[in-house]
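A quick write-up on the structure given underneath.
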Amino acid sequence: MLEDLRKAVSGNSVLEDKLERLLNPESSETMKKYEEELKISREKFKKIQEDREKNDKEWITHLSNNPSEISSPPEGKNNITDHHLWLLRELEKDSPNITRQHYSDWRSLTPKFGKEVALAYKDFCMNYWRSHRPPLKSEQNFDNSIPAALLIALSGLEIEANEISGFPNYLDTNDLNTALRYITWDINGFPSWFERVHRAFPKATEDAIWKELLWELKTCSSEGSLSHILQDLIRHAPWLHELMAGRVLKYLMSRTSPLIIRKEYCVKILIEGGVESGKLAILADKYIALNADNYKEVAWWFALLVDNDANSGISRLKSWLLLLNEEDAQQVAAIFITALLGGTYTQKTVYYAGKFKTAPHLKTLYMLMHKYIKPSDDIQRAGKGVYSPTIRDDAQDARDKLLHYLVEIPSKANYYALKQISEEYKDGSQKLLVQRRAYEMAERYGNLIPWSAEQFKEFHKSKVLPPRTHRQLFELAVQQLNALKGWIENGNDSPWRTWQKAAEENEVRTLIAGYLNQNSKNHYTIAEEPELANDQRMDIRLANPNVQSPVPIELKLLDKNWSGRKLCERLRNQLAGDYLREESAGCGIFLLISLNTEKNWMVEGKKVSIEGLAPALKEYWKDISHGYTGVEEIEVIVINMNKRALVSNT
């Protein structure tokens, strides 16, 4: 066998050398020594493991017999001991992605330590958060690491918020101020109780947030510096933007130096907070002047100006670009259009008011961007392997969106804008592309699609089909409510005057339920305010014995002074977050009734009338729906009782 090995490695000097060294007696001795050391190490490791298991058993037994050492440690009522630290680490075991739920899950200690130890740990944590005083960035400089004591305090506050009825309404001033110090310390965004504390103590909560936000805006100095609170506001608390927008705007307008770091976050809060276009245009104008020597920053603020004051902004942008050399003009044009519309790889955008989305403005911007972001210079990535996208990639995609905006809504003005672009264009391929888009628009705008034979047959059938799935039951509910809307708002025998006398929500709910019952054709049953497992009550729900989950209808009477922010909150927390939690329930309806109200609502920074309320709330749902993976669809329906009167007067 030895000879066979030598023959096998013959000719390979490296393998021959290794084989001879292995056959050397000295090598054999080395291997034996290594094996002996390995055996000793294994025995030592086994002994350590046995000792550790023994110590763990003794520790568990000791804690089980002395749970008071957890709830009232000998070192002092509010002192962290090794017992608490060990229990904290137990909660981290087998959890690759630690969240606040892990640290507050005191019940998971029960199987190993017993119920009394688990309860003692819970009680200690709930007491500890009141005595602990977490630091604030605005008061001292520290890193973002979270010590064990702070984790215990955070978990105690989380436990109390989840398990004590009435939280946080019973908090006194001292406890409230202490709780607010924990807001910026949560592991992922803000604590789960943050919004509830704000509802109970709005001013104190907003003051606490503003203190930290103002510190960040004043001290952030480099692009790589970590965001302390601003990023969390953007990602995790969009409902707070409307309330903080006024303070942010006032601060930005008072600055005497450019704002380069965090400007995108600040403007997003202003936009989503409903700041008027005129004020945003004034802000953009201010920072264009402050950044006069920084072409890249000027380009970004021009995007905000054009979005909110296209008449002035586009004209000034054209004049400014003419003053720059060709290379600088190309670079800042790319920054401008990407900031305005975003690109494939960069979704950051200031597009909000859309003042530029008229046919003349789109035509001017399209030609202007093609002058500086030339299609002949476009980067072709297909089939080129791995690459890192640049601002030029985003710029060419954003530039092409301008044409999409002209094409997406067929209209006479947009058609003629496309015709004018094609006439002015010198580039043959682009000229043909725009001409083709204009022709396609004319086809869609001028011709009706003929009905098929199947469509004629379906037209003569009943519009009500027996539902067999939750989705079909939802579609039937939407169909019935839209029919009710049409009858109330436009019917010759509309009962709008009678229904307007139902001044309370329960009266309107009864009328709606009665209509749905009368038109059910045995396809569903109606229940008013059925009670759920958590004591919540749906306004109306449609049920069918063949469908596992009913369809909830959440009713709001707009005459009761519901603000846009509150409507968003109810849609988010009540309809999507509560009524549609059941796994098989994915669709719900947000039904808004106006008896005689005439007002505007601010929804996600946009002022809308009653005609625009449903589309605005649908758009809001679209923006947040990614966070509710179990909810398939929410329909928003607004019924205006006063509309029939307006038709009659006309």
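Numbering of residues begins at 1 and proceeds along the displayed sequence. Atom set for the values below is all heavy atoms of this structure, side chains included, hydrogens, waters and symmetry mates excluded.
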> Rounded to the nearest 0.5 Å, what separation is found between the CD1 atom of I159 and the NZ atom of K122?
Replying inline: 7.5 Å
> Counting distance only, does the side-chain N/O of D172 pair as donor-acceptor with the main-chain N or O of N174 below 3.5 Å?
Replying inline: yes
> Less than 4.5 Å apart, any side-chain heavy atom of I183 and any of V197?
Replying inline: no
>> Ring of W601, cation from K607 - is the NZ or CZ under 6.0 Å from the centre and inside 45° of the axis?
In response: no
> Does the side chain of R572 pick up a donor-acceptor pair with the side chain of Y620 at under 3.5 Å?
Replying inline: yes
> Of the non-hydrogen atoms in I209 and M244, which two are nearest, and what is the gap between them?
Replying inline: CG2-CE, 3.9 Å
>> Counting neighbours of CD on E139 that are heavy atoms of other residues, nucleotides or ligands and sit closer than 6.0 Å, is the number greater than 12?
In response: yes
>> When you compare the side chain of I80 with that of I152, does any pair of heavy atoms fall below 4.5 Å?
In response: yes
> About how many Å separate CG of L213 and OG1 of T184, when rounded to the nearest 0.5 Å?
Replying inline: 11.5 Å
> Which pair of heavy atoms, one from V631 and one from I634, lies closest together, and at what distance?
Replying inline: CG1-CG1, 4.0 Å
> What are the two closest non-hydrogen atoms of R89 and A148, and how far apart are they?
Replying inline: NH2-CB, 3.7 Å
>> Could you tell me if E69 and H62 have a donor-acceptor pair between their side chains, going purely by distance under 3.5 Å?
In response: yes
> What is the minimum heavy-atom distance between L558 and L613, and which atoms define it?
Replying inline: CD1-CD2, 3.9 Å
> Under 3.5 Å, is there a donor-acceptor pair between the E163 and W106 side chains?
Replying inline: yes
>> Are the side chains of V551 and H470 in contact, using a 4.5 Å heavy-atom criterion?
In response: yes
> Thinking salt bridges, do E504 and K560 make one under a 4.0 Å N-O criterion?
Replying inline: yes
> D578 and Q574: side-chain donor and acceptor closer than 3.5 Å?
Replying inline: no
>> I'd like to check K211 versus L136 (side-chain heavy atoms, cut-off strictly below 4.5 Å). Are they in contact?
In response: yes
> Considering residues, nucleotides and ligands other than K606, do more than 12 of their heavy atoms fall under 6.0 Å from its NZ?
Replying inline: no
> Side chains of Y287 and I260: closer than 4.5 Å at any heavy-atom pair?
Replying inline: no
> Regarding R471 and T469, is there a side-chain donor-to-acceptor distance under 3.5 Å anywhere?
Replying inline: no
> To the nearest 0.5 Å, what is the distance between CG (L217) and CD1 (I261)?
Replying inline: 11.5 Å
> Is I589 close to L575 at the side-chain level, that is, under 4.5 Å between some pair of heavy atoms?
Replying inline: no
> Under 3.5 Å, is there a donor-acceptor pair linking the side chains of W59 and H83?
Replying inline: yes
> In terms of heavy-atom contacts, does CZ of R255 have more than 12 from other residues, nucleotides or ligands at under 6.0 Å?
Replying inline: yes
> Should L592 and L617 count as side-chain neighbours, where that means a heavy-atom distance under 4.5 Å?
Replying inline: yes
>> Rounded to the nearest 0.5 Å, what separates atom CD1 in I70 from atom CG in L109?
In response: 9.5 Å
>> Just by distance, no angles: are the side chains of H228 and E212 close enough, under 3.5 Å, to form a donor-acceptor pair?
In response: yes
> What distance do S563 atom OG and E242 atom CD have between them, rounded to the nearest 0.5 Å?
Replying inline: 6.5 Å
>> Could you report the tightest heavy-atom contact between W129 and D175, atom names first, then the distance?
In response: CZ3-O, 3.6 Å
> Does the side chain of R247 pick up a donor-acceptor pair with the side chain of Y251 at under 3.5 Å?
Replying inline: no
> Hey, are the side chains of W185 and L151 touching, using non-hydrogen atoms and a 4.5 Å cut-off?
Replying inline: no
> Can we say D207 and K203 salt-bridge, meaning some charged N sits less than 4.0 Å from an Asp/Glu carboxylate O?
Replying inline: yes
